[in-house]
Amino acid sequence: MASTLYEKIFKRHVVREDNDTFLIYIDRHLIHEVTSPQAFEGLRSANRSIWRANSILAVPDHNVPTTDRKLGILDPVSKIQVDTLDSNCDQYRLTQFKMNDQRQGIVHVIGPEQGSTLPGMTIVCGDSHTSTHGAFGSLAMGIGTSEVEHVLATQCLIVRKFKTMQVNVTGNVSDYISAKDIALHIIGKIGTAGGNGYAIEFSGPTINELSMEGRMTLCNMSIEAGSRVGLIGVDSKTIDYLEGRPFSPNGDLWNKAVDDWKNLVSDEGAVFDKVINVDASIIQPQVTWGTSPEMVCGINEVIPNPKQQVKESNKKGYEKALEYMGLEQGTNITDIFLDKIFIGSCTNSRIEDLRVAANIVKEKKVATNIKQALVVPGSGLVKKQAEKEGLDKIFIEAGFEWREPGCSMCLAMNADRLEKEERCASTSNRNFEGRQGKGGRTHLVSPQMAAAAAIHGRFVDIREID
Amino acid sequence: MLPINKHDGIVIPLDRSNVDTDAIIPKQFLKSIKRSGFGPNLFDEWRYLDRGEPGKELAVRKVNPEFVLNKPQYKNGTILLARENFGCGSSREHAPWALLDFGIRIILAPSFADIFYGNCFKNGILPIPINKNITDLFFEKAQSEEGLRLNIDLEIQKIIDGNDSYSFDIDMFKKYCLLEGLDEIGLTLKNKADIKNFENNYHSQFPWLTK
Ligand code: SF4
């Protein structure tokens with residue numbers, strides 16, 4: 001019988017089945033400092049050991065400073081958390097890229113970069129954006145800390161099957177429309193709860209055209225549509241990307257693996273519980289205007305009128321959002337002025353993101369109304385590559401700050417944050433109230449759009465600037 | 001884990017949809033390496049007018065009198081009522097820890113985000129999806145002067161409001177764990193031999209996945 005990609009991967013990992021509850025085996029466990037300390041503590045207090053230490057790759061990313069690291073971590077509470085990760089990893093002899101290791105970076109950037117994310121794997125991490133890794137035809141999902149402890153102790157997870165949703169994307173997009181715009185457009189269409197209970201597989205000609213980095217951006221955002229799992233079938237791009245990476249198999253094993261990976265696509269005729277068709281050719285550069293990623297529109301649109309919403313809950317939600325954002329219905333998106341710019345996060349901090357942003361700011365200057373413009377590469381290796389290409393200079397000359405890798409202003413757990421009522425064009429994934437700092441106002445956009453907003457001090461249509 | 005069987009409590013009406021885990025417990029409190037002590041900072045940005053920081057004395061905080069948790073009639077509430085898609089956003093288990101630490105044992109909403117929903121069960125909180133009409137009815141009652149007290153009976157899967165009662169669905173395994181307050185890791189480790197067996201076969205079939 002024809003199976004979906006999700007079913008194929010799921011089936012390989014079933015250890016036991018009881019009614020509709022499954023015990024599934026986990027191949028890769030990624031760990032960061034925020035959601036793991038209580039899990040290690042739980043393990044110790046129950047006198048349990050780690051089932052398979054070499055399934056684990058750990059890295060500190062949320063709390064690390066993005067300025068000069070020679071000074072260490074100044075915030076004492078952040079420091080305890082990072083030190084705790086270090087000591088847990090040392091105690092159990094786990095592979096960790098410590099803060100000053102050049103391979104350190106955001107957990108969802110370094111997994112694929114190292115080849116530690118491979119097709120067909122089950123991958124978990126105590127972090128909702130684990131969905132990113134699904135771009136490689138793996139079953140990757142975010143879990144809570146109790147589940148982190150469960151996987152540490154048993155290498156397994158107790159789960160039920162998700163329903164499957166196919167999001168089929170067709171239509172050509174120009175160079176100005178990125179995977180981020182496609183993701184935001186889809187979320188706008190199905191809503192932030194549209195994917196609840198589903199594993200979403202993205203497919204269709206537009207997805208095939210995306211680079212691996214673009215695919216990661218898209219799968220990263222699937223959780224913002226409510227879906228814990230985003231998936232894309234394996235093709236030659238997947239395989240080319242992984243070849244020669246440090247954790248990728250090599251020699252004879254590589255050939256064997258590639259033979260297997262080629263089957264990791266949904267079969268022709270596989271049936272999904274739900275199918276959504278998206279025409280990408282109509283997608284404009286997207287900008288969120290509210291406090292949920294589904295509150296999004298095209299750059300040429302105006303902020304919607306809450307009263308004209310069909311859904312009763314939307315009326316209230318839209319009103320609250322506009323109040324928080326300090327915006328009025330009917331305002332042109334291009335009339336929104338900004339205070340800060342953030343280019344970074346596990347959504348958009350890879351080398352291609354930095355290249356397109358640099359291309360826009362090249363030989364230009366950040367507008368005078370912008371108080372701060374940050375570029376935070378996703379990993380030390382991304383940073384190194386960007387410096388090799390001279391991108392750091394382009395950004396610095398334009399007036400951006402060029403930082404050390406980490407989560408930074410995506411969630412403002414370190415010193416990088418918005419102050420009250422500051423407005424930010426951000427390439428991250430969440431525009432919730434207070435996400436980038438209490439009272440801060442976040443607009444989610446693509447790296448190109450953020451770069452252009454830095455230069456113009458407000459949102460502009462990147463298709464119209466020179 | 002604290003078991004739940006029957007629970008009787010005051011309903012706190014939080015009239016919002018898409019309440020995300022960043023709102024339930026803001027990130028600056030995630031720096032703790034413990035599981036407890038998050039209660040005072042539950043919904044911190046809505047509950048207080050000043051910016052909360054870990055370690056800041058509660059006595060110096062400016063309380064927002066408008067926020068539902070600060071209204072005297074809901075102070076001892078243990079049942080939280082909210083709108084659609086409760087618990088969306090980050091996977092942080094600090095969100096259920098904060099709710100539990102405050103004293104919430106039951107959450108009623110038309111829908112929940114998946115990760116949050118699962119995390120609740122691991123911490124002795126019972127999230128119950130209820131339909132839109134019942135949601136509206138409960139909001140009306142809970143926001144009225146008399147307020148609303150509900151009785152939740154997990155064993156028979158019913159929400160009891162005086163003479164009225166409403167059934168709810170729940171996964172059998174989750175119900176069993178919650179009723180018994182069971183440790184899932186202990187349960188899984190009973191299958192140690194199966195896991196070992198599986199692992200050996202699996203790794204001989206996919207030898208590139210052993211490192
Ligand atoms: S970059 Fe942002 S979304 Fe990604 S893992 Fe870090 S905090 Fe989470």
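Note on naming: letters A, B, ... go to the chains in the order of the sequence lines (proteins, then strands), and numbering restarts at 1 for each one. Excluded from the calculations below are hydrogen atoms, water molecules and symmetry mates; all remaining heavy atoms, backbone and side chain alike, are included. Computed from a prediction, not measured in an experiment: that's the story for all the values here.
The number of heavy-atom neighbours closer than 6.0 Å to NZ of Lys56(B), taken from other residues, nucleotides and ligands shown, is above 12. For NZ of Lys71(B), the number of neighbouring non-hydrogen atoms (other residues, nucleotides, ligands) closer than 6.0 Å is greater than 12. Asn200(B) CG: more than 12 foreign heavy atoms inside a 6.0 Å radius. Annotation for Glu140(B): atom CD does not count as buried by contact number, only 12 or fewer foreign heavy atoms lying within 6.0 Å.
Neither the backbone nor the side chain of Ser55(A) comes within less than 4.5 Å of any heavy atom in chain B. In this structure, no portion of Ser227(A) lies under 4.5 Å from any heavy atom of chain B. In this structure, the portions of Glu149(A) lying under 4.5 Å from any heavy atom of chain B include both its backbone and its side chain. Residue contact with chain B, scored on non-hydrogen atoms closer than 4.5 Å, involves the backbone and the side chain of Lys256(A) alike. With a 4.5 Å cut-off on non-hydrogen atoms, Val14(A) touches chain B through its backbone but not through its side chain. Using a 4.5 Å cut-off between heavy atoms, Asp20(A) does not touch chain B at all. Looking at Ala412(A), the atoms closer than 4.5 Å to chain B (heavy atoms on both sides) sit in the backbone and in the side chain alike. The part of Lys316(A) that comes within reach of chain B is its side chain, from C-beta onward, which places non-hydrogen atoms under 4.5 angstrom from that chain. Using a 4.5 Å cut-off between heavy atoms, Glu84(B) touches chain A through its side chain atoms alone. Residue Asn201(B) does not touch chain A at all, counting heavy-atom pairs closer than 4.5 Å. Only the side chain of Leu23(A) comes within less than 4.5 Å of a heavy atom in chain B; its backbone stays farther off. For Asn197(B), no part sits under 4.5 Å from any heavy atom of chain A, backbone or side chain.
Side-chain atoms of Gln38(A) and His94(B), non-hydrogen and from C-beta on, do get closer than 4.5 Å to each other. Two residues are said to be in side-chain contact when any heavy atoms from C-beta on lie closer than 4.5 Å; Asn19(A) and Met172(B) fail this criterion. With contacts defined as side-chain heavy-atom distances shorter than 4.5 Å, the pair Asn196(A)/Tyr117(B) does not qualify.
With hydrogens and angles ignored, the 3.5 Å screen pairs a side-chain donor or acceptor of Asp114(B) with a backbone N or O of Gly197(A). In this structure, Glu93(B) contributes its side chain and Gly126(A) its backbone to no donor-acceptor pair below 3.5 Å. The main-chain N or O of Met413(A) is found under 3.5 Å from a side-chain atom of Lys31(B) such that the two form a donor-acceptor pair.
Counting all heavy atoms, side chain and backbone alike, Ser90(B) lies closest to Ser128(A) at CA-OG, 3.6 Å.
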*asked:* As a quick check of understanding, evaluate side-chain contact (heavy atoms from CB on, under 4.5 Å) for Asn85(B) and Thr192(A), giving each step before the final call.
replied: CA-CA 8 Å; Asn85(B) 202 26; Thr192(A) 46; 3.6 Å; yes
*Could you go through the side-chain contact (heavy atoms from CB on, under 4.5 Å) check for Tyr25(A) and His203(B) one step at a time?*
CA-CA 11 Å; Tyr25(A) 185 78; His203(B) 282 156; 3.4 Å; yes
*Before giving the answer on ring pair (Phe, Tyr, Trp, His ring centres under 6.0 Å), spell out for Tyr202(B) and His13(A) the whole-Å C-alpha distance, their side-chain angles and the decisive distance to 0.1 Å.*
CA-CA 8 Å; Tyr202(B) 181 81; His13(A) 291 90; 5.2 Å; yes
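With rounding to the nearest 0.5 Å, the separation of CG in Leu189(B) from CH2 in Trp51(A) is 7.0 Å. Note that CD of Glu199(B) is 8.0 Å distant from SG of Cys156(A), once rounded to the nearest 0.5 Å. In this structure, the separation between OG1 on Thr210(B) and CG on Asn54(A) is 7.0 Å, given to the nearest 0.5 Å. Atom CD1 of Ile158(A) and atom CZ of Phe173(B) lie 4.0 Å apart (nearest 0.5 Å). Arg51(B) contributes atom CZ, which lies 7.5 Å from atom CD of Glu419(A) (distance to the nearest 0.5 angstrom). Rounding to the nearest 0.5 Å places SG of Cys407(A) at 12.5 Å from NZ of Lys27(B).
Look at Glu41(A) and Arg35(B) and you find no salt bridge, because none of the NZ, NE, NH1 or NH2 atoms lies under 4.0 Å from a carboxylate O. A salt bridge does not link Arg430(A) with Asp20(B): every distance from a Lys NZ or Arg NE/NH1/NH2 to an Asp or Glu carboxylate oxygen is 4.0 Å or more. Ion pairing between a basic and an acidic side chain is recognised when a charged N comes within 4.0 Å of a carboxylate O; Arg16(A) and Asp194(B) show such pairing. Between Arg16(B) and Glu433(A) there is a salt bridge, with a side-chain nitrogen of the basic residue lying less than 4.0 Å from a carboxylate oxygen of the acidic one.
With Trp208(B) as reference, Asp260(A) is the one residue of Asp252(A), Asp260(A), Val258(A), Asn250(A) to meet the side chain to side chain contact (heavy atoms under 4.5 Å, CB included) rule.
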